[in-house]
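Single-structure report; data block below.
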There are 2 protein chains.
Amino acid sequence: MLCGMAEKKSDRTRASILAAARERFGADGYERATIRAIAADASIDPAMVMRYYGSKEKLFAAAAEFDVRLPDLRDVPREQAGEVLVRHLVERWEEDDTLRVLLRTAVTNEAAAERMRQVFIGQLTPAFERAAMDEPAVRAGLIATQALGFALCRYILAFEPIVGLSTDDAVAWLGPTITRYLTSPVPSVP
Amino acid sequence: MLCGMAEKKSDRTRASILAAARERFGADGYERATIRAIAADASIDPAMVMRYYGSKEKLFAAAAEFDVRLPDLRDVPREQAGEVLVRHLVERWEEDDTLRVLLRTAVTNEAAAERMRQVFIGQLTPAFERAAMDEPAVRAGLIATQALGFALCRYILAFEPIVGLSTDDAVAWLGPTITRYLTSPVPSVP
DNA sequence: GAGGAAAGTCAACAAGTGTTGGCATATGCT
DNA sequence: AGCATATGCCAACACTTGTTGACTTTCCTC
């Protein structure tokens with residue numbers, strides 16, 4: 001078999017290591033997710049993990065690679081922007097566990113926290129800037145508080161009333177909040 | 001010195017251990033906060049920590065002892081309830097680092113997560129029940145998402161736009177959200 | 001002051017961590 | 001075939017962790 005092909009053997013194990021890493025990091029956090037456990041999940045020797053990714057930190061960096069893939073908010077009217085954004089975020093959260101990895105680890109790992117800042121401030125702020133909003137950074141931050149708080153309570157802390165919400169329920173509750181953070185004039189504090 | 005007095009020597013070191021533990025747990029999370037580091041902060045031998053608290057888990061349990069001390073919401077009109085609650089929570093957060101300890105650790109430590117559930121669902125829900133609200137658990141959960149998300153972004157992840165908010169700013173922005181979660185009729189999802 | 005408990009120190013253990021180098025195996029090319 | 005390279009496993013390392021037991025010092029009571 002001539003190996004210009006994409007399907008090399010090593011690529012498969014590389015990928016299975018990454019999958020196992022994501023699961024473990026997401027379930028246990030950075031410190032408690034051990035290389036040995038990840039290797040066991042991938043049915044492989046711990047040394048292989050080092051061979052392929054160099055170190056635990058680099059493996060984590062690979063596992064936490066992420067892009068929010070924001071929808072273009074200029075297409076939707078301001079009053080629906082909140083609901084569109086919430087639905088996008090919740091669905092994104094549900095389909096991809098990378099965000100859960102990031103959330104679990106960002107609390108104790110500075111590199112993960114930095115990436116979180118990049119994603120939620122660094123990607124949201126310019127998007128709002130393009131939509132010609134005032135105070136785009138503050139609005140991005142506020143939306144991050146509600147979105148991350150929801151994810152924290154739903155996926156990490158498992159608050160029953162929040163876990164029990166359907167996607168539609170969540171959108172119906174959170175949508176207006178996000179809309180207000182997007183559209184409300186900056187409150188003047190006396 | 002007759003030792004019926006309250007000021008025994010051991011009580012002081014006990015307290016200094018607890019203070020150091022709170023700081024370390026709050027700054028580093030459960031796993032990275034080592035007994036040795038806590039002991040060093042308290043200028044004491046690691047063995048003393050075990051002598052006084054038995055184990056790391058018990059020390060953590062002592063350090064995470066906490067009560068929200070909710071204000072009585074029956075006194076305030078519904079329209080201001082959100083602002084009152086937010087102001088109370090933010091101030092509580094600012095004055096006492098126990099909540100930060102809890103937040104940092106709850107993400108990886110199941111015992112801390114359980115306590116978080118007790119505090120935010122177990123204490124908030126019955127308070128709303130007493131105030132004769134419908135769906136008290138869901139409302140408690142939603143308020144928890146916004147409150148915890150705010151704390152996460154402000155104290156743990158250090159999102160600059162959120163760190164920069166004054167207490168009054170925070171109340172002005174979050175107050176209406178909490179009020180809506182308290183008062184809005186349950187959205188009907190088709 | 002003598003006796004005894006309380007408070008603190010020291011060194012060590014057993015277990016688990018990330019990480020490394022050497023050695024076997026298999027795989028693909030000529 | 002035979003060689004070279006990629007892939008994988010094993011055993012060990014250096015280190016840190018929570019935890020323990022024996023020893024010394026300090027302090028209070030008699």
Side-chain angles (χ1 to χ4, degrees), chain A residues 1-22 24-25 27-64 101 104-105 108-112, chain B residues 1-25 27-64 104-105 108-112:
Chain A
M1 166 188 184
L2 230 141
C3 265
M5 305 176 63
E7 269 298 317
K8 290 185 59 175
K9 178 80 183 304
S10 64
D11 288 354
R12 278 223 320 259
T13 61
R14 246 187 120 86
S16 78
I17 290 173
L18 199 66
R22 263 197 255 267
R24 279 287 174 179
F25 280 134
D28 300 341
Y30 185 82
E31 341 281 343
R32 303 180 58 167
T34 71
I35 297 265
R36 283 172 165 85
I38 292 170
D41 286 3
S43 312
I44 221 173
D45 191 275
M48 284 291 91
V49 179
M50 306 303 295
R51 212 180 191 41
Y52 281 114
Y53 288 94
S55 72
K56 186 181 183 182
E57 279 212 14
K58 288 182 194 159
L59 170 62
F60 171 76
V101 174
R104 258 244 167 69
T105 51
T108 46
N109 186 288
E110 178 52 28
Chain B
M1 166 174 154
L2 229 140
C3 266
M5 306 174 60
E7 268 299 318
K8 288 184 63 174
K9 178 78 182 305
S10 64
D11 288 354
R12 276 221 321 255
T13 60
R14 246 188 119 86
S16 77
I17 291 174
L18 200 66
R22 264 197 254 266
E23 197 155 327
R24 280 285 174 180
F25 280 133
D28 300 341
Y30 184 82
E31 342 281 344
R32 302 180 59 166
T34 71
I35 297 265
R36 283 174 165 86
I38 292 170
D41 286 2
S43 312
I44 223 175
D45 191 275
M48 284 288 92
V49 179
M50 305 304 294
R51 214 186 194 34
Y52 281 115
Y53 288 94
S55 73
K56 186 182 182 181
E57 277 211 18
K58 288 183 194 160
L59 171 63
F60 171 75
R104 259 244 166 71
T105 50
T108 47
N109 186 287
E110 178 50 29

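Order of the sequence lines sets the chain letters (A, B, ...), proteins ahead of strands, with each chain counted from 1.
- For the pair Met50(A) CE and dG8(D) C1', the interatomic distance rounds to 16 Å; values are reported in whole Å.
- Taking CZ from Arg12(A) and CD1 from Ile17(A), the interatomic distance works out to 12.5 Å, rounded to the nearest 0.5 Å.
- Taking both residues in full, the closest heavy atoms of Thr105(B) and Ala112(B) are given as OG1-CB, 3.5 Å, listed atom of the first, atom of the second, then distance.
- Under a 3.5 Å cut-off, the side chain of Lys56(A) and the backbone N or O of Tyr30(A) do form a donor-acceptor pair.
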Which atoms of nucleotides 21-26 of chain D (N or O only) lie under 3.5 Å from a protein N or O atom, and what are those distances?
none

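- Applying the 4.0 Å criterion to OP1 and OP2 of dG8(D), one finds that Thr13(A) has a side-chain N or O inside that range.
- Ranking dT19(D), dT19(C), dG8(D) by closeness to the Pro46(A) side chain, first place goes to dT19(C).
- In plain terms, the two heavy atoms of Phe60(A) and Val101(A) that are nearest each other are CE1-CG1, 4.1 Å.
- Remark: C1' of dA6(D) and CD1 of Ile44(A) are 13 Å apart, rounded to the nearest angstrom.
- With rounding to whole Å, Asn109(A) atom CG is found 13 Å from dG18(C) atom P.
- Distance check: Thr13(A) OG1 to Tyr52(A) OH gives 3.5 Å after rounding to the nearest 0.5 Å.
- Computed from coordinates, the Met48(A) CE to dG18(C) C1' distance equals 15 Å when rounded to whole Å.
- Atom pair Arg12(B):CZ and dA6(C):P shows a separation of 18 Å (rounding to whole Å applied).
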Let me have the donor-acceptor pairs involving side chains of residues 34-48 of chain B, under 3.5 Å, with sequence neighbours excluded, atom names and distances please.
unit_1   : atom_1 : unit_2   : atom_2 : d
Thr34(B) : OG1    : Ala37(B) : N      : 3.0
Asp41(B) : OD1    : Arg24(B) : NH2    : 3.4
Asp41(B) : OD2    : Arg24(B) : NE     : 2.8
Asp45(B) : OD1    : Ala47(B) : N      : 2.8

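- One atom, CD of Glu57(B), and another, P of dT17(D), lie 17 Å apart when rounded to the nearest Å.
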Under 3.5 Å between N/O atoms: give me all the protein pairs with nucleotides 14-17 of chain C, atom names plus distance.
none

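- Looking at heavy-atom distances under 4.0 Å, Tyr53(A) makes no contact with the nucleic acid at all.
- Tyr53(A) meets the ring-ring contact (aromatic ring centres under 6.0 Å, His included) test with no other residue; sequence neighbours excluded.
- By the side-chain hydrogen bond (donor to acceptor under 3.5 Å, both in side chains) test, Thr108(B) is found to be paired with Glu31(B), residues two or more places apart in sequence or in another chain being considered.
- Nearest-nucleotide mapping onto DNA chain C: of Tyr52(B) and Gly54(A), the residue sitting toward the 5' end is Tyr52(B).
- We find that NZ of Lys58(A) is positioned 12 Å from C1' of dT19(C), with the value rounded to whole Å.
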